[in-house]
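Working notes, structure below.
Fair warning: this is a prediction, and the values are worked out from it, not measured in the lab. Each chain gets a letter, A, B and so on, in the order the sequences are listed, and its residues count up from 1.
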Number of protein chains: 2
Amino acid sequence: MEEKKTYTKQHTLLVATDCIVFGFDQGLLKLLVFKRRIAPLVGNWSLIGSFVNKDESVTDAAMRILVQFTGLQDIFLEELKVYSKVDRDYGDRCISIAQYALIRIDDYNEELVEKHGAKWFSFDELPRLVLDHNDMVADALEGIRIKARRRPIGLELLPEKFTIPQLQSLYEAIYQRPLDNRNFRKKLLSFGLLVKLDEKDKTTSKKGAFLYTFDYDKYKVLEESGFDFFL
Amino acid sequence: MEEKKTYTKQHTLLVATDCIVFGFDQGLLKLLVFKRRIAPLVGNWSLIGSFVNKDESVTDAAMRILVQFTGLQDIFLEELKVYSKVDRDYGDRCISIAQYALIRIDDYNEELVEKHGAKWFSFDELPRLVLDHNDMVADALEGIRIKARRRPIGLELLPEKFTIPQLQSLYEAIYQRPLDNRNFRKKLLSFGLLVKLDEKDKTTSKKGAFLYTFDYDKYKVLEESGFDFFL
DNA sequence: GCAAAAGTGTTCTCGTTACACCCATGC
DNA sequence: GCATGGGTGTAACGAGAACACTTTTGC
């Protein structure tokens with residue numbers, strides 16, 4: 001391994017990344033956590049995380065563990081913030097870059113998740129996590145609320161084909177308040193970014209709800225010109 | 001020094017923080033940069049930065065160098081994002097946590113600034129900076145624009161007593177577009193967060209403009225209950 | 001036929017925008 | 001007295017909020 005050592009007299013630190021993995025299922029926002037496998041605190045619930053290796057960026061590290069735990073590639077991932085208090089980790093001085101990931105629960109590889117001792121919890125049943133991970137979760141929820149007001153990140157939590165009532169229920173979960181279905185639908189469709197399909201999803205009602213897809217290409221164009229999504 | 005070494009087999013990394021230091025003067029947004037003093041790239045323009053030491057948080061490190069360069073305590077500082085591409089630093093593998101700082105130019109200690117070879121540049125005259133620092137600046141500008149829509153961070157760039165035309169001119173600089181003065185004033189005052197003083201600032205006009213202060217206590221209360229500042 | 005969720009329009013309110021003139025003062 | 005920047009009000013418009021009933025279909 002090449003070692004340039006230009007900045008010789010400087011201290012190096014342990015750098016970790018922890019992922020707040022959001023999912024959405026049955027009208028509830030969920031979080032993926034797992035049982036920690038390294039000392040100290042072995043066996044306690046923890047966010048999914050890893051140390052950052054010499055040859056990878058922080059994003060690389062996060063993607064690596066997300067694939068490991070969920071089997072999914074191309075997950076939506078965004079930086080939340082850095083946790084660097086000197087005494088935040090009982091094990092050793094270590095900073096952690098928290099990132100949140102949004103994944104489509106119906107896609108994830110159940111087997112992998114279970115093999116790693118991971119588990120989905122809904123927010124109100126979330127157990128006590130190790131270190132400052134509960135703070136990270138709280139900050140992440142705040143973060144996606146703010147972000148959701150400007151970008152259609154909610155869609156990352158739904159299958160490619162989704163219904164409008166599904167989407168509404170998701171936003172109700174994110175904002176923790178009921179939304180008027182007529183107004184929601186009106187505003188949503190006014191963007192002209194949803195493509196109505198000829199299929200219906202009949203799993204939640206007898207009548208069935210039409211499925212839609214999101215026109216990402218069209219959105220990209222709007223985004224460039226400073227367009228803000230959503231309420 | 002205590003060394004717990006719990007996470008033994010892990011790699012450690014160099015961790016730096018770079019500060020995008022904004023000021024506002026003469027209707028122009030400005031940036032404080034300085035001539036780099038360590039190899040490689042000695043003598044090139046660089047953001048103000050430092051490595052993070054073992055016994056300090058990232059914020060501590062930033063505050064340390066801000067005091068050093070400006071002599072100012074209690075500077076507004078907020079994390080921007082982490083730059084961690086493997087090859088981003090020619091010197092050695094090193095991640096940097098970029099933070100933006102907002103300071104009141106009229107307060108800063110000119111002597112200290114000059115002693116460190118630092119200099120204020122306005123945006124359009126900003127030179128090429130080392131490494132990925134120009135990217136950081138661009139991201140920071142985007143960041144304060146978004147933030148300014150929700151929080152009164154602009155005030156951190158003005159003296160404690162300021163006039164409404166000053167504030168307007170600041171927001172025009174941040175958003176890079178002219179604002180209507182009647183509408184600006186109306187909305188601003190509608191929050192009931194400005195306290196009109198009996199003094200006028202006569203430096204910019206013969207008539208003089210009334211000075212105001214911001215009611216931070218009242219704002220704190222509103223902020224708690226989910227209040228959003230500004231356009 | 002009835003329960004349960006999907007889908008549909010209109011009105012009202014309030015905030016945003018557009019717009020032009022007088023005021024105070026130093027020179 | 002005039003040039004310069006500070007300060008003021010109103011009307012038109014559009015987006016957001018409030019609000020209730022019909023449709024479809026499985027059972």
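In this structure a side-chain-to-backbone donor-acceptor pair under 3.5 Å is missing from A/H116 to A/F69. A side-chain donor-acceptor contact under 3.5 Å links A/Q168 to the backbone of A/L179.
Across the protein-nucleic acid pair, B/N181 atom CG and D/dG9 atom P stand 13 Å apart, rounded to whole Å. Distance A/F184 CZ to D/dA18 C1': 17 Å, rounded to the nearest Å. One interatomic measurement links the two molecules: CZ of A/R182 to C1' of D/dC21, which rounds to 8 Å at whole-angstrom precision.
If you walk DNA chain C from 5' to 3' and mark each nucleotide with an atom closer than 4.0 Å to a heavy atom of chain B, the marks span C/dT16 to C/dG26.
Across all non-hydrogen atoms, the minimal contact from A/F24 to A/Q166 is CE2-O, 4.0 Å.
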Quick tally for nucleotides 10-16 of chain D: nucleotides whose base has a protein heavy atom under 4.0 Å get B, sugar-phosphate-only ones S, the rest -, giving B-----S
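A distance of 14.0 Å separates CG in B/D215 from CZ in B/F191, rounded to the nearest 0.5 Å.
Using the six-membered ring where Trp is involved, A/F121 and A/W45 have ring planes that are perpendicular, over 60° apart on the 30 and 60° scheme. Taking the six-membered ring where the residue is Trp, A/Y171 and A/Y175 present tilted rings, their angle falling between 30° and 60°.
Residues satisfying the ring pair (Phe, Tyr, Trp, His ring centres under 6.0 Å) test with B/F210, not counting sequence neighbours, are none. Qualifying side-chain hydrogen bond (donor to acceptor under 3.5 Å, both in side chains) partners for A/R177, counting only residues two or more places apart in sequence or in other chains: none. Looking at residues two or more places apart in sequence or on another chain, you find no side-chain hydrogen bond (donor to acceptor under 3.5 Å, both in side chains) involving A/T163.
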Distances for protein N/O vs nucleotides 23-27 of chain D N/O pairs under 3.5 angstrom?
| from | atom 1 | to | atom 2 | distance (Å) |
| --- | --- | --- | --- | --- |
| D/dT23 | O2 | A/K207 | NZ | 3.0 |
| D/dG26 | OP1 | A/K202 | NZ | 3.3 |

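Figure legend: B/K81 and B/Y83 shown as a cation-pi pair, the cationic atom lying under 6.0 angstrom from the six-membered ring centre and within 45 degrees of its axis.
Comparing A/K196 and A/T204 by the nucleotide of DNA chain C whose heavy atom lies nearest to each, the residue mapping closer to the 5' end is A/T204.
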